[in-house]
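Model, not experiment: these values are computed from the prediction.
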Amino acid sequence: MDEMNRMRWDEFVGKAKQLGKAVGEVAGEVVDVSRQKLDEMKKRRELEDCYLTLGKMYYAMLQEGDDNTEAARVVAEHAAAIKVILEAAAAKKQREQAEIHMVACPHCNRLVPSTAAFCSYCGKAIYPADENK
């Protein structure tokens, strides 16, 4: 293999490695999003279970008609668990809202704030100057 072909081959291999890395990063991001969706579904189920248990306990307390402190404590624990789940969901929604204002860098495909002029990862311009001017 002559020197020119070797240089082209090395350049080709280098570009293939870069593309492979970029594809791997995108695939990793897709996996992360899938995990987040599964986690969200799990949290929703936990919340539904807490509501169901809380409702059953409250109904039982009403049927007994007496002041059962132990049952009231357990109901309060479930209400606290629901509050924690709701707060976590609100925090997640707030993070998602912040991510809405992100754009993908046209060079490295990483998410950066939509107000950024340059990518904080690769340093290239997010919105290249119009060359037709």
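- Here the NZ atom belonging to K15 is positioned 12.5 Å from the CG atom belonging to D10, to the nearest 0.5 angstrom.
- A 4.5 Å side-chain heavy-atom check between P113 and M102 finds at least one atom pair inside the cut-off.
- Between V103 and L111 the shortest side-chain heavy-atom distance does not fall below 4.5 Å.
- Interatomic distance, SG of C105 versus OH of Y127, reported as 10.5 Å (0.5 Å rounding).
- Follow the hydrophobic side-chain contacts under 4.5 Å out from I126 and you reach Y121 in the same cluster.
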For L52 and E48: C-alpha separation, side-chain torsions, deciding distance, then whether side-chain contact (heavy atoms from CB on, under 4.5 Å) applies. CA-CA 6 Å; L52 184 61; E48 289 172 7; over 6 Å; no
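- In this structure, H107 and A125 approach most closely via the heavy-atom pair NE2-O, 3.2 Å.
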